[in-house]
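Each remark here refers to the structure printed beneath this line.
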Amino acid sequence: MPTRRHTLTLAAGLAATFAAPAFAQNASAQDWKAKYPELVFAIIPAENASGVTERYTPFVNYLAKELGTKVTLRIANDYAAIIEGQRAGNIHIASYGPSSFARARMTGAKVDAFAIETNLDGTKGYHSVFYVKKDSPYQKVEDLKGKNLGLVDPNSTSGNNVPRFALNGMKIEPETFFGKVVYTGSHENAIIALQQGTVDIVANWWNDEQESNLQRMVRKNMAKAEDFRIIFKSEQIVNSPMAYLTDMPEELKAKIRDAVLNIASKDKAAFDKIYEGKQGPLVAVDNKAYDPIIELNKFVDELRKKKSS
């Protein structure tokens, strides 16, 4: 028959057993917070810095609240800066373009895609287009021999790699066909260069008639949609991912995933600030979705090698 002493000892043991997981979980949380008192979220320069800051500040505030730690927004100078920042471990979470994420993986950065943008119809892709001025005489890319081409960045999917792939299919070598090939640094800058006549044709991203970089510029009174025409549209490209450092604690990565994938319902205002109601919620994705983009990057790399040889 158990004595009172045995009963108390058993009760204490059970209490310790059931309390251990909660204690361990709390200790684990404290461990990663001690190691990561600040997380850096970075984004590629698709538009001017003030536009990115305005669009993403509510997002980083939401993320900080959900994670219970400081989150800092960093706007990269170019696509390569995101890759190098994650390789060095200085950028913990990043919003990539497909080609820049693929390039990060190709060059050894330990990063994992965990969320992908979706369109309002549920699809997970967008297009690369070539714009010309509406009043220009050009009806197809082949009409622009000797004219100036505006690309975005060497690591841009819709602003460089897909256009170069498409031009190769047209038997066009950009550096010899066009009078000049200019990298503008951002999608907005590409449209501005076309507006100002610095270039005669530009590459850009385009989802559909309702959403594109041009439409975003229209909403900010930076451009008029009717001033431009599309003369080429690519096949659909897999949408852009968010990625975090592979080596971060699993608990931290799970909390980041949960926060990002649920922002559309948990903080609709912050989500709408980013996408202005023109895109669907972020959904889960993994690295395999970007394997075709790695192959695209390799193809473009080979084109560069042939050009320089």
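The figures here come from the full heavy-atom set of this structure, side chains too, leaving out hydrogens, waters and symmetry mates. Heads up: numbering here begins at 1 and tracks the sequence. Remember, it's a predicted structure, so these values are computed and weren't measured experimentally.
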Taking all non-hydrogen atoms of both residues into account, name the closest pair between Ala81 and Asn77 and its distance.
CB-N, 4.3 Å
Below 4.0 angstrom, N of the basic side chain to O of the carboxylate: do Lys306 and Glu173 qualify?
no
Verify the cluster assignment for Leu120 and Ile263: are they in a single hydrophobic cluster under the rule of side-chain heavy atoms below 4.5 Å apart?
no
Under a single-linkage rule joining Ile, Leu, Val, Met, Phe, Trp and Tyr whose side-chain heavy atoms are separated by less than 4.5 Å, which residues share a cluster with Met106?
Ile294
Apply side-chain contact (heavy atoms from CB on, under 4.5 Å) to Ala225 and list each qualifying residue two or more places apart in sequence or on a separate chain.
Leu214, Gln215, Val218
What pairs of residues pass the ring-ring contact (aromatic ring centres under 6.0 Å, His included) test when at least one of them lies in residues 38-67, not counting sequence neighbours?
Phe41-Tyr56, Phe41-Phe59
Enclosure of Glu276 CD (heavy-atom neighbours >12, cutoff 6.0 Å)
yes
Distance-only criterion, 3.5 Å: show the donor-acceptor pairs between side-chain atoms of residues 237-244 and protein atoms not counting sequence neighbours.
| residue | atom | partner | partner atom | Å |
| --- | --- | --- | --- | --- |
| Asn239 | ND2 | Glu117 | O | 2.8 |
| Ser240 | OG | Tyr96 | O | 3.4 |
| Tyr244 | OH | Arg257 | NH1 | 2.6 |

Check this for me, if you would: do Glu211 and Arg219 make a salt bridge, where the nitrogen-to-carboxylate-oxygen distance has to be below 4.0 angstrom?
yes
Same apolar cluster (I L V M F W Y, side chains within < 4.5 Å links), Tyr131/Leu149:
no
Is a side-chain N or O of Asn119 found less than 3.5 angstrom from the main chain of Tyr126, in a donor-acceptor match?
no
Val182-Tyr79 co-clustered via ILVMFWY side chain contacts under 4.5 Å:
no
For a side-chain contact (heavy atoms from CB on, under 4.5 Å) check, start with the C-alpha distance between Ile192 and Met222, then their side-chain angles and the critical distance, and finish with the verdict.
CA-CA 8 Å; Ile192 292 168; Met222 295 176 68; 4.2 Å; yes
For residues 222-238, the side-chain hydrogen bond (donor to acceptor under 3.5 Å, both in side chains) pairs (sequence neighbours left out) are Ser136-Arg229
Please name all residues satisfying salt bridge (charged side-chain N to carboxylate O under 4.0 Å, His left out) with Asp143, sequence neighbours left out, ordered by chain then number.
Lys140
Please check: side-chain N/O of Asn287 versus main-chain N/O of Ala113, any donor-acceptor pairing under 3.5 Å?
yes
Hey, are the side chains of Phe114 and Lys253 touching, using non-hydrogen atoms and a 4.5 Å cut-off?
no
Does a side-chain heavy-atom distance below 4.5 Å link Val141 with Phe178?
yes
Non-neighbouring partners of Glu209 that pass side-chain contact (heavy atoms from CB on, under 4.5 Å), sequence neighbours left out:
Trp206
Which pairs pass ring-ring contact (aromatic ring centres under 6.0 Å, His included) with one or both residues in residues 144-175, sequence neighbours excluded?
Phe165-Phe299
Those residues at least two apart in sequence (or on a different chain) that pass ring pair (Phe, Tyr, Trp, His ring centres under 6.0 Å) with Phe130 are Phe232
Heavy-atom pair of closest approach, residues Thr184 and Ser186:
OG1-O, 2.9 Å
Under the criterion side-chain contact (heavy atoms from CB on, under 4.5 Å), I'd like the reasoning laid out for Arg74 against Asn90: C-alpha separation, chi angles, the key distance, then a yes or no.
CA-CA 10 Å; Arg74 182 180 299 173; Asn90 298 325; 4.2 Å; yes
Taking the side chain as C-beta and beyond, is there a heavy-atom pair between Ile231 and Gln139 under 4.5 Å?
no
Checking the side chain of Ser158 only, and the main-chain atoms of Ser128 only, is there a donor and an acceptor separated by less than 3.5 Å?
no
Decide side-chain contact (heavy atoms from CB on, under 4.5 Å) for Ile293 and Ser99; before the verdict, give the C-alpha distance in whole Å, the side-chain angles of both, and the deciding distance to 0.1 Å.
CA-CA 6 Å; Ile293 306 299; Ser99 284; 3.7 Å; yes
Are Val129 and Val132 connected in the hydrophobic side-chain network, where two residues link if heavy atoms are under 4.5 Å apart?
no
Any side-chain heavy atom of Val152 sitting closer than 4.5 Å to one from Trp205?
no
Is there a donor-acceptor contact under 3.5 Å from the side chain of Asn160 to the main chain of Pro154?
yes
Would you confirm whether Lys266, through its side chain, and Ala259, through its main-chain N or O, come within 3.5 Å as a donor-acceptor pair?
no
Side-chain contact, heavy-atom cut-off 4.5 Å: Ile201 with Lys147?
no
Locate the shortest heavy-atom distance separating Phe177 from Leu144; write the atom from each residue and the value.
CE2-C, 3.7 Å
Is there a path of hydrophobic side-chain contacts, each under 4.5 Å between heavy atoms of I/L/V/M/F/W/Y residues, joining Val60 to Phe271?
yes
State which residues pass salt bridge (charged side-chain N to carboxylate O under 4.0 Å, His left out) with Lys124; sequence neighbours excluded, sorted by chain then number.
none
Under the rule for salt bridge (charged side-chain N to carboxylate O under 4.0 Å, His left out), what residues qualify as partners of Glu175, not counting sequence neighbours?
Arg164, Lys307
If you define the side chain from C-beta out and look only at heavy atoms, does anything of Asp291 sit under 4.5 Å from Arg105?
yes
Answer yes or no: is there an ion pair linking Arg304 with Asp301, defined by an N-O contact shorter than 4.0 Å?
yes
Where Ala223 and Ile191 come nearest, the two heavy atoms and their spacing
CB-CG2, 4.4 Å
Partners of Tyr183 by ring pair (Phe, Tyr, Trp, His ring centres under 6.0 Å), sequence neighbours excluded?
none
